[in-house]
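Quick notes on the structure that follows.
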Amino acid sequence: MGYDVQEVELRWQARWATDGTYEVENNGTKPTYYVLCMYPYPSGPAHQGHVRNYTFGDLNVRHARMRGYDVLSPIGFDSFGLPAENAAIKSGAHPRPFTDARIEELKASLKRLGAVYDWRREVRSHDPQYIKWNQFIFLRFLEAGLAYRATAPVNWCPGCQTVLANEQVLSDGTCERSGDLVTKRELEQWFFRITQYADELLEGLDELEWPERVKTMQRNWIGRSEGATFRLAVDGRDDVSIEVFTTRPDTSFGMTYVVLAPEHELVDQVTTPERRAAVDAFRERVRSATDIERQSTEQTGRERGVDTGARAINPFNGQSVPIYLADYVLPGYGTGAIMAVPAQDQRDWDFAQAFDLPIVRTVQPPDDWEGEAYTGDGPAINSDFLDGLDVAQAKKQAIEWLVAKGIGEATVNYRLRDWLLSRQRFWGCPIPIIHCPTDGAVPVPDDQLPIVAPDDVEFLPTGESPLRLHEGFLRAACPKCGGPAMRETDTMDTFVDSSWYFLRFCSPWEENRPFDPEMTKRWMPVDQYIGGIEHAILHLLYARFYTRALADVGIAPKELREPFPRYVPQGMIRMDGSKMSKSKGNLVAPEQYFESVGADALRLFHLFVGPPTDDVDWTDQTDEVIEGCGRFLQRVWRLGTDEVQGPAAIDRDPTAEDLEIVRASHRLIARIDDNFSRWSYNTAVAATMEFSNTLHRYIAEGARRETLAEAVDTLLLMLAPMAPHIAAELWAHRHDGAHIHEQPWPEADPDLVAVTTATLVVQVNGKVKDRIEVDAGIDEVEAERIARASEKVAEALNGGEIRRVVAKPPRLVNLVVGPPASG
RNA sequence: GGGCGAGUGGCGGAAUUGGCAGACGCGCAGGAUUCAGGUUCCUGUGUCCGAAAGGAUGUGGGGGUUCAAGUCCCCCCUCGCCCACCA
């Protein structure tokens, strides 16, 4: 009987769907397990990246289920976003039908892959119910002071007369649509106060089972740095002082000038009349410069800054130093002003050189130091009461001095900024605010939620949100005074949608609240989170913030802090050196493999090709490897059907060879358990291949019927999470239609896993001279005796004196010899 | 510039605590089956010397620790990713 891949796979997929095999109730009694793949942006049929992602997820779901858990396996769609809006602008049609069509395509692919979900729990970001609770949460955050309004610059395209997302600005700073140079424009926008959680988000990382490099990325993103802030008097001015932040208060005696960011609020106040024109010209140049230009390291020299004419007093030594503006000081970090210490900071050094400013070393560099600015440790010099102290001591002393003087204190600074969530886009969740001329920004009352964008909108090729032109949407009564007011037309960043969808999955049918905290308690945190590393910073950080904030405003359980204690980032699929993606047009559709070798073979390929976190190169050889996986499954099929077993198997009392097969089966289980726990799926597949080869050899030499049947069953159980269709089909054949995925995961018997014999490697001076089969239980004395008895070893010794014996029974003996004793 | 990874046959990769380097697969070669191609099965396959037995050599390069190093330490080279004027 041949294996009709298509027929078998489609039949089982239909059965899993109609039986609701992977639907899970919220009132089960088994222990719970929550497996989650990052919900996808619906871009159409699945590509290989999806296949890889959902193969890992599905393996975890099926494996956990067989291990006896109630498994929550939900999926949804991150269905708001720019691509759909762009498609709408291009076609003039509303993004909703476009998005719904893409979702259906992606769903079909996932089902054809054999990935199983509780489809009753499907969540879509653009669903009015989801929008409602998204807005509800925003309003609670607003009440709690976690959301606020402030002005911030946006990318503005003068040609399109519209705001651009960062990804719409090309690397040369021009608009991707019109080619105009993009400028900055200040707008009133909404923020989430994520910085309030900076410390907790940082500390929480320590206990997460995430790859170290992802944690490092988050740590760097949060960017905690300890230092001091202190105030500098402005020479001849009692009314203003400049506050600076530094991580090196120990170097304060080396301050030879002060720098304000060009945007700093004190610039106008301190600039002297004779420098006014030069300062204004500089500020204008910085303002119109693109981020690229401003951050260009090419730029050096005098165009990078300007003298304000004002002077500040260094409180440490009373010296008067000039105040400059420089583009390398950023308005958003620290206090937007620095004390410049060129001897210990290379940027300050370069600037000082360009402007002929003095350089005073306050840390003694090593004797062989040939560089410029020295940032290392060393004794303080030229620093009065700090002289002789090392950097750490000097920092401490300097801060104590500032505190005693009452002009500064130790401070902690973060690189992390508050989360700007406003987007001047149509295809997103509307921000539920009404702007009233008398009452200002007024929250939409809960009973008016959701605020959903209208259907009768016209998409113009300007890129501007059509909400801004829709009178019916715009006009609203102020909830406070009832007067005429205008609706907010900005929508939320789509990262907002993805910051709590995993909580909604726990009780997606809730109509009176975002989710049921009890059900959240039952399922959360997610036991295994899987998704691309491109979300390693923002999505994961935002979701961690949201979870805490929801707990703190009382929507989620108080004790829920970390949503994803265990996260595995899968590697990306590369082709010709770049990421495989729809936009690059280098997709290799999974469908062709579904039709040829089948979903199981393609899944097996993705598991087998390498470690899950490694990138996969799609090459000329890839098709051959996929076919190899298909060939392996054909061999499994022959093992699992009577074709081989019937004529070949023998009824007999068990022999030593038969027992070896039983042992090999248990070793396979132990190995798969270990591999699965370490996410080493490539070696897990290799283990099943090895076992299959063992069984084929066993059959060739005459297999015992019962032993073979049990061994094949074990192989099928191990394959059930990896190649579910063929495993299900063969199991049903062999066990009267029973369902393999409802079988318990077998347990390896330690007695059978333990080896009874081992290969003792005998080395002479570290070189392998002999290999001897020995009893696994031998001790050191016995191992040495066996090693010395070896003829090959005697030959290699060649009369040399054994000076030392290293015995590690039962695996290795190393005989260390000197030269032959000379006569 | 900073941080984090990684470099193993023709290729993807394996080797959990230092203990037989190259599991498993692809490819390739030879053979069996076949009219032939395909399929399937068997055998071989790091490199060098050798007919073979066997020997030498071998995990980016150099040094070190150790009875023993792909694995640990130091220096260097190359590649990848992330953050990048963060005071």
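Below, each value reflects all heavy atoms present in this structure, side chains not excepted, and no hydrogens, waters or symmetry copies. The chains referred to below are lettered A, B, ... by the order of the sequence lines, with proteins before strands, and numbering in each begins at 1.
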**Report entry** Atom pair OH (A:Y257) and CE (A:M339), whose distance is rounded to the nearest 0.5 Å
**Finding:** 11.5 Å
Requested in this report: Report the base-pairing partner of B:A69 (Watson-Crick or G-U wobble, both distances below 3.5 angstrom), or none.
Outcome: none
Query - Nucleotide B:G55, atom C1' - distance to CG of A:D770 in whole Å - result: 16 Å
Report task. Would you kindly give the CD1-to-P distance between A:I533 and B:C4, to the nearest whole Å? Result -> 15 Å
Query raised in the report: Contact class for A:P211 vs. all strands (heavy atom < 4.0 Å): base, sugar-phosphate, or nothing?
Result: nothing
Query - Pairwise C1' distance, B:C67 and B:C77 [rounded to whole Å] - result: 32 Å
Query - Interatomic distance where CG belongs to A:L607 and C1' belongs to B:A14 [whole Å] - result: 16 Å
**Report entry** Rounded distance (nearest 0.5 Å) linking atom CG of A:L540 with atom CE of A:M38
**Finding:** 4.5 Å
Query raised in the report: Is it true that atom CD of A:E226 has more than 12 heavy atoms of other residues, nucleotides or ligands lying nearer than 6.0 Å?
Result: no
Query raised in the report: What interatomic distance, in whole Å, is found between P of B:U43 and the corresponding atom of B:G80?
Result: 42 Å
Query - Watson-Crick or G-U wobble partner of B:G27, both distances under 3.5 Å - result: B:U45
Query raised in the report: Considering only the C1' atoms, how many Å lie between B:C76 and B:G12, rounded to the nearest integer?
Result: 29 Å
**Report entry** Distance, rounded to the nearest Å, where A:L538 contributes CG and B:C83 contributes C1'
**Finding:** 12 Å
Query raised in the report: B:A36 and B:A21: how far apart are their P atoms, nearest whole angstrom?
Result: 44 Å
Under 3.5 Å between N/O atoms: give me all the protein pairs with nucleotides 23-26 of chain B, atom names plus distance.
residue : atom : partner : partner atom : Å
B:A23   : O2'  : A:E690  : OE2          : 3.0
B:G25   : OP1  : A:N693  : ND2          : 3.1
B:C26   : OP1  : A:R631  : NE           : 3.4
B:C26   : OP1  : A:R631  : NH2          : 2.8

Query - Atom-to-atom span, NE2 of A:H606 to P of B:G13 - whole angstrom - result: 14 Å
Requested in this report: Looking at every strand, decide which applies to A:T759 at a 4.0 Å heavy-atom threshold: base, sugar-phosphate, or nothing.
Outcome: base
Report summary line: Mate of B:A6 across any strand shown (Watson-Crick or G-U wobble, both atom pairs under 3.5 Å) is B:U78
Report summary line: Separation of B:G27 atom P from A:I626 atom CD1, nearest Å, is 12 Å
**Report entry** P-based separation of B:G54 from B:U59 [nearest Å]
**Finding:** 24 Å
Query raised in the report: Does A:R635 make a side-chain N or O approach to OP1 or OP2 of B:C41 shorter than 4.0 Å?
Result: yes
Query raised in the report: Sub-3.5 Å donor-acceptor pair from the side chain of A:R415 to the main-chain atoms of A:I222, do we have one?
Result: no
Report task. Based on the glycosidic angle (syn within 90° of 0, else anti), state the conformation of B:G27. Result -> anti
Query raised in the report: Nearest-Å distance, CG (A:L260) to P (B:A87)?
Result: 18 Å
Report task. Specify whether A:W419 and A:Y542 have parallel, tilted or perpendicular ring planes, treating 30° as the upper limit for parallel and 60° as the lower limit for perpendicular. Result -> parallel
Would you tabulate the pairs of protein nitrogen or oxygen atoms and nucleotide nitrogen or oxygen atoms of nucleotides 65-69 of chain B closer than 3.5 angstrom?
residue : atom : partner : partner atom : Å
B:C67   : OP1  : A:R804  : NH1          : 2.7
B:C67   : O2'  : A:N814  : ND2          : 3.2
B:C67   : O2   : A:N814  : ND2          : 2.6

Query raised in the report: Parallel, tilted or perpendicular: which fits the ring planes of A:Y681 and A:F56, with parallel below 30° and perpendicular above 60°?
Result: parallel
Query raised in the report: Under a 3.5 Å cut-off for both distances, is B:A14 Watson-Crick or wobble paired, and to whom?
Result: none
Query raised in the report: Between B:U16 atom C1' and A:D673 atom CG, what is the distance in whole Å?
Result: 15 Å
Report task. Quick one: pull up CZ in A:F253 and OG1 in A:T251 and give me the separation to the nearest 0.5 Å. Result -> 10.5 Å
**Report entry** Flag for A:N413-A:S225: side-chain donor and acceptor within less than 3.5 Å
**Finding:** no
Query raised in the report: Can you tell me how far P in B:G22 sits from the matching atom in B:G44, rounded to whole Å?
Result: 15 Å
Requested in this report: Considering only atom C1', compute the distance from B:G70 to B:A23 and round it to an integer number of Å.
Outcome: 15 Å
Query raised in the report: Where the side chain of A:R415 is concerned, which of B:A87, B:C83, B:U16 is the nearest nucleotide?
Result: B:C83
Report task. Look at the side chain of A:D614 and the backbone N and O of A:G610, then say whether any donor-acceptor pair between them is shorter than 3.5 Å. Result -> no
Query raised in the report: What orientation do A:H606 and A:W618 show, parallel under 30°, tilted 30 to 60°, or perpendicular over 60°?
Result: tilted
Report summary line: On RNA chain B, more 5' by nearest nucleotide between A:R248 and A:D614 is A:D614
Query raised in the report: Checking all strands, does A:R417 fall into the base, sugar-phosphate, or nothing category for heavy-atom contacts under 4.0 angstrom?
Result: nothing
Query raised in the report: Quantified in whole Å, what is the P atom distance between nucleotide B:G58 and nucleotide B:A6?
Result: 24 Å
Query - Any donor-acceptor N/O pair, A:S692 side chain to A:V636 backbone, under 3.5 Å - result: no
Query raised in the report: Would one find more than 12 heavy atoms of other residues, nucleotides or ligands at under 6.0 Å from atom CD of A:E372?
Result: yes
Query raised in the report: Between A:G610 and A:V768, who's closer to the 5' end of RNA chain B by nearest nucleotide?
Result: A:G610
Query raised in the report: Checking all strands, does A:G571 fall into the base, sugar-phosphate, or nothing category for heavy-atom contacts under 4.0 angstrom?
Result: nothing
Query raised in the report: How would you label the contact of A:K215 with the nucleic acid (heavy atoms, under 4.0 Å): base, sugar-phosphate, or nothing?
Result: nothing
Query raised in the report: Given that both distances must come in under 3.5 Å, which nucleotide forms a Watson-Crick or G-U wobble pair with B:A53?
Result: none
